[in-house]
Amino acid sequence: MKRAVTLQDISCAGKCSITVALPVLSCLETETIVIPTSLLSNHTAFESYTAFDLSDKILALSQGIAHNNIRFDAIYTGYLGSKDQINEIHSFVERYRTDRSVFIADPAMADNGRLYSGLPDDFAQSMASLISIADVIIPNLTEACLLLGRDYRAPESYESSEIMEMLSSLASMGPGRVIITGVHSGPDSIGAMCFDMEYNRYSSSFRKKHEGIYLGTGDIFASVVTGCMLKDLPLEKAMENAVDFVGRCIEETDKDPEKRWYGVSFEKCLHILKGYIE
Ligand code: PXL
């Protein structure tokens with residue numbers, strides 16, 4: 001079984017980051033080590049939150065794991081709550097990546113044209129430096145614009161040729177494989193597009209769009225991609241599975257009489273994951 005280490009926050013309530021990465025990766029038969037980078041009462045889309053930054057614990061925790069000779073096939077990062085954390089993760093990757101490990105970075109920092117609450121205005125510059133050492137990145141459209149230093153526009157206004165140009169510009173910043181999520185292809189179609197620089201190959205995958213905001217879906221998407229890549233599926237297939245899975249989670253949420261505004265009903269869909277790796 002392959003082993004991933006994921007470095008992102010624990011939001012005690014809110015169905016995102018580690019609390020979705022762990023179940024998704026487990027269902028994709030990936031052993032997962034967690035290094036929490038911060039601890040929040042709930043994610044930052046709630047009206048208020050209490051947060052503890054664990055940046056000064058990352059080195060000690062990783063040394064403890066390394067002393068026990070535990071190595072990783074993937075390093076997978078998500079939401080990071082401060083520039084200090086990004087610096088710590090940078091050092092972690094440089095120290096612990098090996099020839100056999102892939103570094104997958106989800107620059108989870110913004111959506112719908114805005115940085116997440118609590119992040120400093122120049123946060124994207126620090127994130128751009130981290131993604132330059134990644135192998136694979138999975139920004140949404142807002143994050144792609146921030147990383148490229150471009151203004152954000154409504155997703156419907158992007159032609160696929162412009163997304164392709166953004167994919168290759170991001171790949172030129174360092175990561176040879178890039179997926180942009182939240183891409184539209186027509187009035188009621190949403191999905192993702194990717195670029196693999198090694199093969200100079202573009203691909204896309206779309207599904208029916210549901211109106212509404214579905215929090216935590218970016219984290220679920222990146223976790224599916226990570227698990228599928230560790231099962232040796234090509235980038236395009238990993239992306240296709242992630243588009244399908246997020247779509248199924250959203251459909252399930254819309255059907256759920258107990259649906260929560262702050263996260264999707266992914267628990268009802270976990271059984272689907274096995275089908276992607278059989
Ligand atoms: O799902 C992204 C995410 C992760 N972690 C925290 C967040 C958010 C989005 O708001 O606030 C703490």
Side-chain angles (χ1 to χ4, degrees), residues 16 43-45 78-79 105-117 119 121 123-124 127-128 131 136-173 175 177-197 201-225 235-255 259 261-266 269:
C16 65
H43 63 55
T44 63
Y79 174 93
D106 174 5
M109 59 180 168
D111 207 357
N112 300 308
R114 298 184 54 180
L115 270 178
Y116 290 144
S117 152
L119 297 178
D121 288 344
F123 192 76
M127 190 58 93
I131 64 109
V136 182
I137 61 165
I138 313 174
N140 61 32
L141 198 50
T142 303
E143 290 154 354
C145 288
L146 283 168
L147 291 170
L148 290 168
R150 299 185 189 177
D151 289 339
Y152 170 81
R153 307 192 312 269
E156 307 77 56
S157 70
Y158 289 81
E159 297 288 337
S160 68
S161 55
E162 189 174 357
I163 303 290
M164 287 165 77
E165 183 275 315
M166 290 171 78
L167 285 164
S168 62
S169 297
L170 285 165
S172 315
M173 290 169 71
R177 285 167 282 176
V178 180
I179 301 176
I180 300 181
T181 64
V183 174
H184 288 228
S185 80
D188 46 34
S189 162
I190 189 165
M193 290 180 67
C194 70
F195 175 56
D196 191 327
M197 203 176 211
R201 214 159 56 199
Y202 293 89
S203 179
S204 57
S205 179
F206 296 101
R207 62 173 172 84
K208 191 176 171 319
K209 184 174 184 331
H210 287 234
E211 286 311 323
I213 292 177
Y214 298 92
L215 297 170
T217 47
D219 302 355
I220 294 173
F221 191 102
S223 302
V224 175
V225 169
L235 184 74
E236 294 86 352
K237 192 68 200 161
M239 175 184 77
E240 204 180 291
N241 290 338
V243 168
D244 180 63
F245 189 71
V246 166
R248 309 272 287 266
C249 290
I250 288 173
E251 280 163 23
E252 211 48 65
T253 308
D254 282 349
K255 277 195 273 176
K259 75 172 163 203
W261 67 266
Y262 52 77
V264 292
S265 307
F266 74 96
C269 298

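Hydrogens, waters and symmetry mates are skipped; everything else that's a heavy atom, side chains included, is used. This one's a predicted model, so the numbers in the text were calculated from it and none came from an experiment.
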* Asked: Out of curiosity, Lys237 NZ to Cys194 SG, how far, rounded to the nearest 0.5 Å?
  -> 12.0 Å

* Rounded to the nearest 0.5 Å, how far apart are OG of Ser168 and CD1 of Ile163? -> 11.5 Å

* Got Tyr152 and Leu146 here, is their nearest side-chain heavy-atom distance under 4.5 Å? -> no

* To do: Indicate yes or no: at least one non-hydrogen side-chain atom of Val178 is less than 4.5 angstrom from one of Met166.
  => no

* To do: For Thr253 and Ser265, work out which heavy atoms get closest and say how close.
  => OG1-N, 3.0 Å

* To do: Please test His184 against Leu141 for side-chain contact (heavy atoms from CB on, under 4.5 Å), starting from the C-alpha separation and ending with a verdict.
  => CA-CA 10 Å; His184 288 228; Leu141 198 50; 6.0 Å; no

* Which atom names give the shortest non-hydrogen contact between Tyr116 and Glu143, and what distance separates them? -> OH-OE2, 4.5 Å

* Are the side chains of Ile213 and Trp261 in touch, meaning some heavy atoms are under 4.5 Å apart? -> no

* Asked: Do the ring planes of Phe195 and Tyr202 sit parallel (below 30°), tilted (30 to 60°) or perpendicular (above 60°)?
  -> parallel

* To do: Please list all pairs passing the salt bridge (charged side-chain N to carboxylate O under 4.0 Å, His left out) test where one or both residues lie in residues 177-187, with sequence neighbours left out.
  => none

* Quick one: OG on Ser203 to CE on Met164, what's the gap to the nearest 0.5 Å? -> 10.5 Å

* To do: Mind listing the closest non-hydrogen atom pair of Asp111 and Thr142 along with its distance?
  => C-OG1, 3.5 Å

* Distance-only polar pair, side chains of Glu165 and Ser161, donor-acceptor under 3.5 Å -> no

* To do: Mark yes when over 12 heavy atoms from residues, nucleotides or ligands other than Arg114 sit less than 6.0 Å from its CZ; otherwise mark no.
  => no

* Asked: Roughly how far, to the nearest 0.5 Å, is CD1 of Ile180 from SG of Cys145?
  -> 8.0 Å

* Minimum heavy-atom separation for Asp219 to Cys16, with atom names? -> OD2-CB, 3.3 Å

* Asked: If we only count heavy atoms from C-beta on, is the Leu147 to Met109 side-chain gap below 4.5 Å?
  -> yes

* Step by step, work out the salt bridge (Lys or Arg N to Asp or Glu O under 4.0 Å) result for Arg150 and Glu162. => CA-CA 12 Å; Arg150 299 185 189 177; Glu162 189 174 357; 5.1 Å; no

* To do: Taking side-chain hydrogen bond (donor to acceptor under 3.5 Å, both in side chains) as the test, write out the residues that go with Tyr158, two or more places apart.
  => none

* **Residue among Val225, Val243, Asn140, Ile137 satisfying side-chain contact (heavy atoms from CB on, under 4.5 Å) with Ile179** => Val225

* Take Arg207 and Ile250 through the side-chain contact (heavy atoms from CB on, under 4.5 Å) test and state the conclusion after the steps. => CA-CA 11 Å; Arg207 62 173 172 84; Ile250 288 173; 3.3 Å; yes

* To do: Could you tell me which non-hydrogen atom of Met193 sits nearest to which non-hydrogen atom of Ser204, and how far apart they are?
  => CG-CB, 3.6 Å

* Structure fact -> In terms of heavy-atom contacts, Met173 and Leu148 come closest through SD-CD2, 4.0 Å

* To do: Any salt bridge (charged side-chain N to carboxylate O under 4.0 Å, His left out) involving residues 244-253? Give me the pairs, sequence neighbours left out, ordered by first then second residue.
  => Asp244-Arg248, Glu252-Lys255

* Distance (rounded to the nearest 0.5 Å) between Phe206 CZ and Ser185 OG -> 4.0 Å

* Please say whether more than 12 non-hydrogen atoms of neighbouring residues, nucleotides or ligands are located less than 6.0 Å from CD in Glu156. => yes

